[in-house]
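Read through the structure below, which is laid out as structure tokens, and then see the notes.
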Amino acid sequence: MSRDTVVTRFAPSPSGELHLGNARTALFNFLLARKRAGRFVLRIEDTDAGRTQETFVAALAADLDWLGLAWDEGPDRPGAHAPYRQSQRAALYQPLFERLEREQRAYPCFCSHLELDLSRRAQLAAGRAPRYAGTCRELGAAERAARLAQGRKPSLRFRVPHARQIEFVDLVHGRQRFVSDDIGDFIIRREDGSAAFFFSNAVDDALMQISHVLRGEDHLANTPRQQLLLEGLELAPPQYGHVSLLVGTDGTPLSKRHGATSVRELREAGYASAAVCNQLFRLGHSTPLNQLLSLPQMAAAFELEHLQRAPAHFELSQLRHWQSEWVHALAPEAARRWLEPLLPASLSERQVESFIAAVRPNIVLAEDARAWLQIIFGEALVFEEPALLAARQAGAAFFAAAAQALEERADLGALRRATGRKGAEFFMPLRAALTGRLHGPELAPLLAAMPAEQVRARLLRFAAP
RNA sequence: GCUCCCUUCGUCUAGAGGCCCAGGACAUAGCCCUCUCAAGGCUGUAACACGGGUUCGAAUCCCGUAGGGAGCGCCA
């Protein structure tokens with residue numbers, strides 16, 4: 001593999017459902033890899049055993065699969081940088097921890113949670129930035145040995161150098177400059193021996209030769225730590241790009257109270273993955289293309305330069321638009337597969353086709369077809385008041401003539417000739433009697449879908465004076 | 001509190017000093033099509049957060065103000 005191969009990754013922690021924000025991050029990384037003919041890696045960041053749940057690992061994979069974001073390497077797909085679960089990479093981390101400690105770039109810290117918490121509060125109260133006080137920074141060998149002898153388990157802290165400028169070019173925000181003195185020594189290995197996020201995340205990106213990392217903007221201010229750490233390890237950092245956060249309609253970070261915000265919820269609500277991807281593609285990323293795009297088309301159109309710096313509001317009406325575009329673009333067979341699960345098995349080929357043709361322009365979610373199924377194929381018809389009125393006003397003769405014509409041919413043209421009416425005069429009473437309402441899909445295919453006896457019965461109902 | 005990021009129509013966004021009295025899309029309003037609804041077509045309403053500079057000229061550059069967000073965790 002050549003050095004300039006683009007390798008991107010999605011590195012979720014399996015402690016919850018795949019959130020829209022994360023799904024978008026995954027999409028962007030996937031698209032970047034595809035656009036540059038590179039690889040897309042799935043890495044599970046499960047170093048926090050307490051919060052990790054196996055069901056989430058499986059659900060994450062299922063959601064990604066559903067979205068169509070196929071990863072080239074991952075826990076279930078062999079690659080050159082296995083394993084792809086951080087919980088299984090301890091052996092890889094070990095020598096790096098040792099090296100950092102040997103070179104004095106990291107030191108054991110014996111401070112208790114309580115001490116740290118107190119110190120943090122005190123600093124905050126004094127109006128200062130809460131940073132590690134450095135209590136264990138200069139502990140001598142003897143002091144360390146003594147504490148170890150007491151049975152205290154240390155964590156490992158990275159020693160942040162003084163007075164260093166950290167510079168890097170962010171893929172979306174441009175040149176960034178930070179001062180190391182603003183950063184406190186941070187923990188890279190927990191007291192239980194597991195690797196902490198700042199460490200495992202950065203180290204794995206380097207070890208796995210990830211070239212580009214598109215991630216949430218919440219990581220921007222922490223990037224200098226990872227730069228420092230990797231520098232100490234003489235590992236090459238990836239290029240980072242920090243994407244704006246996804247927020248709700250009220251501008252606050254997307255959360256439960258904004259309604260459906262997980263991929264699973266959207267899927268269960270009936271949205272197509274293509275609709276979700278198209279919406280996500282345009283949230284924090286712009287494209288001049290206004291039509292529904294396939295994943296390969298999105299990959300071709302994906303541009304780092306078109307990543308937005310400001311937070312993007314997620315709005316359901318826009319998702320609905322893509323969903324509706326998707327519905328209209330469906331090939332006939334696909335439309336059929338889409339609605340089939342809802343349809344009664346007893347329908348004839350012709351009925352299925354007519355029903356789908358009638359109803360498709362009117363619906364956004366498959367669920368929306370249910371009401372029409374009930375009206376067309378259901379036994380009992382519930383009339384809306386205005387429809388009942390319209391049917392009655394048309395008169396018994398009208399329906400008698402229609403029913404009569406029906407015996408010859410169930411065809412709108414034949415009915416029209418028989419009744420001698422046209423336009424609204426003809427259609428509205430018919431629609432009212434047949435569907436119980438004044439509005440709805442085109443009448444011709446609706447009539448074609450409806451069983452003949454059903455049509456007859458409904459006409460006859462108004463044929464008696 | 002400190003550090004960092006952000007700010008164009010209701011929303012997603014185009015815009016890298018003159019092409020912008022700001023363009024597209026969604027939503028919204030009206031018209032056309034039409035048996036109705038939907039779809040489709042057309043038209044419209046609607047924005048450069050504010051204040052100072054720089055410049056012949058600023059949405060675009062600089063400085064401030066305001067507002068929003070993030071980070072400062074043995075969460076990721």
Side-chain angles (χ1 to χ4, degrees), chain A residues 11-16 22 45-48 50-51 109 111-113 116-117 120 123-132 153-157 170 172-173 176-179 181-184 186-192 194 196-198 200-201 215-225 242 244-245 247 249 251-253 279 282-291 305-306 308-322 324 327-328 358-364 387 390 412 421-432 435 437-444:
Chain A
S13 85
S15 56
N22 288 333
E45 305 221 326
D46 55 353
T47 56
D48 184 1
R51 299 195 353 168
C109 172
C111 295
S112 68
H113 287 87
L116 294 171
D117 195 43
R120 202 163 16 242
Q123 294 182 73
L124 242 17
R128 281 181 293 138
R131 283 201 267 283
Y132 179 59
K153 286 234 176 73
S155 59
L156 192 64
R157 264 183 206 277
D170 186 274
V172 348
H173 293 275
Q176 300 294 307
R177 245 183 282 262
F178 293 86
V179 182
D181 295 335
D182 288 333
I183 306 170
F186 55 94
I187 286 179
I188 55 178
R189 188 181 62 204
R190 303 188 188 100
E191 124 190 347
D192 67 1
S194 63
F197 169 79
F198 289 130
S200 54
N201 180 265
R215 41 151 51 158
E217 203 189 82
D218 46 338
H219 291 292
L220 181 55
N222 283 327
T223 303
R225 295 161 190 260
H242 291 90
S244 62
L245 260 24
V247 298
T249 40
T252 64
Q279 170 62 143
R282 292 162 172 93
L283 244 27
H285 177 266
S286 63
T287 172
L289 274 16
N290 284 334
Q291 37 340 107
E305 300 72 48
H306 286 148
Q308 177 74 6
R309 287 163 300 281
H313 294 66
F314 172 75
E315 215 156 270
L316 201 61
S317 69
Q318 281 168 338
L319 206 216
R320 281 184 68 84
H321 169 253
W322 293 114
S324 133
V327 172
H328 296 309
V359 117
R360 173 135 79 125
N362 282 53
I363 62 177
V364 175
L412 271 182
R421 298 198 193 177
K422 57 182 183 179
E425 286 282 280
F426 169 72
F427 280 99
M428 289 321 280
L430 207 54
R431 172 180 290 284
T435 69
R437 33 181 93 180
L438 258 20
H439 302 306
E442 249 189 286
L443 202 52

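Small disclaimer: the values here were computed from a predicted structure and weren't measured. A note on names: the letters A, B, ... follow the listed sequences, proteins ahead of strands, and every chain is numbered from 1.
Base pairing of C31(B) is made with G41(B), judged by Watson-Crick or G-U wobble geometry with both donor-acceptor distances under 3.5 Å. Of all nucleotides present, none satisfies the Watson-Crick or G-U wobble test against A14(B) with each distance under 3.5 Å. With a cut-off of 3.5 Å on both Watson-Crick or G-U wobble distances, the partner of G71(B) is given as C2(B). The base-pairing partner of U36(B), taking Watson-Crick or G-U wobble contacts with both distances under 3.5 Å, does not exist among the strands shown. Base pairing annotation: U7(B) forms a Watson-Crick or G-U wobble pair with A66(B), both donor-acceptor distances under 3.5 Å. Pair check for C61(B) finds G53(B); Watson-Crick or G-U wobble, both atom distances under 3.5 Å.
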Identify all pairs in which a protein N or O lies below 3.5 Å from an N or O of nucleotides 69-73 of chain B, and state each distance.
unit_1: A70(B); atom_1: O2'; unit_2: D218(A); atom_2: O; d: 3.4
unit_1: G71(B); atom_1: O3'; unit_2: N222(A); atom_2: ND2; d: 3.1
unit_1: G71(B); atom_1: O2'; unit_2: N222(A); atom_2: OD1; d: 3.0
unit_1: C72(B); atom_1: O2'; unit_2: P130(A); atom_2: O; d: 2.7
unit_1: G73(B); atom_1: OP1; unit_2: P130(A); atom_2: O; d: 3.1

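Nucleotides A22(B) and A47(B) place their P atoms 9 Å apart, quoted to the nearest Å. Comparing C21(B) with A58(B), their P atoms sit 12 Å apart, to the nearest whole Å. With C1' as the reference atom, G71(B) and A76(B) are 13 Å apart, rounded to whole Å.
The CZ atom of R320(A) sits 10 Å away from the P atom of A39(B) (whole-angstrom rounding). If you take CD of Q291(A) and P of G40(B), they are 14 Å apart, rounded to a whole angstrom. The nearest whole Å value for the distance from the CG atom in D192(A) to the C1' atom in C75(B) is 13 Å. Protein atom CG of L443(A) is 19 Å distant from nucleotide atom P of A39(B), rounded to whole Å. Taking atom CZ on R189(A) and atom C1' on C74(B), their separation rounds to 12 Å, with Å as the unit.
F426(A) comes within 4.0 angstrom of nothing in the nucleic acid, heavy atoms only. Residue contacts for S244(A): at a heavy-atom cut-off of 4.0 Å it reaches no nucleic acid atom on any strand shown. Residue E45(A) is in sugar-phosphate contact alone, with no base atom involved, counting any heavy-atom pair closer than 4.0 Å across all strands shown. Nucleic acid contact for C109(A): none, since no nucleic acid atom lies under 4.0 Å from a heavy atom of the residue. In this structure, E425(A) reaches neither bases nor backbone, as no heavy-atom distance under 4.0 Å exists between it and the strands shown. Across all strands, G284(A) comes closer than 4.0 Å only to sugar-phosphate atoms, never to a base (heavy-atom distances). Among the heavy atoms of the strands lying under 4.0 Å from L283(A) are primed sugar atoms or P, OP1, OP2 only; no base atom is included. Counting any heavy atom pair closer than 4.0 Å across all strands shown, R431(A) reaches a base atom. Nucleic acid contact class of Q123(A) (heavy atoms, under 4.0 Å, all strands): none. Across all strands, L430(A) comes closer than 4.0 Å to no nucleic acid atom at all (heavy-atom distances).
Distances were taken from every side-chain heavy atom of A312(A) (C-beta onward) to each of C35(B), U13(B), C74(B); the shortest belongs to U13(B). Listed candidates were A14(B), C35(B), A76(B). Nearest to the side chain of A424(A) is C35(B). Taking the side chain of R51(A) as heavy atoms from C-beta on, and the options C75(B), A27(B), A38(B), the nearest nucleotide is C75(B).
A search for side-chain contact (heavy atoms from CB on, under 4.5 Å) contacts involving L289(A) returns T287(A), Q291(A), L293(A), A301(A), not counting sequence neighbours. Under the side-chain contact (heavy atoms from CB on, under 4.5 Å) criterion, A432(A) pairs with A387(A), A390(A), A391(A), L438(A), sequence neighbours left out.
Side-chain contact between T223(A) and H242(A) is present, with at least one heavy-atom pair separated by less than 4.5 Å. Looking at L412(A) and F426(A), their side chains come closer than 4.5 Å, going by heavy atoms from C-beta outward. Residues F197(A) and S13(A) fail the side-chain proximity criterion, which asks for heavy atoms closer than 4.5 Å. Counting heavy atoms from C-beta outward, H313(A) and V247(A) have side chains that approach closer than 4.5 Å.
The number of heavy atoms from other shown groups lying within 6.0 Å of CD (Q308(A)) is above 12.
Side chain N362(A) to base C37(B): a donor-acceptor pair is found below 3.5 Å. Counting distance only, with no hydrogens placed and no angle test, the side-chain atoms of Q308(A) and the base atoms of U13(B) include no donor-acceptor pair under 3.5 Å.
Residues P12(A) and H285(A) both approach RNA chain B. Their nearest nucleotides, taken by heavy-atom distance, put H285(A) toward the 5′ side. Residues E315(A) and G127(A) both approach RNA chain B. Their nearest nucleotides, taken by heavy-atom distance, put G127(A) toward the 5′ side.
Between S194(A) and R190(A), the side chains place a donor N or O and an acceptor N or O closer than 3.5 Å (distance only, hydrogens not considered).
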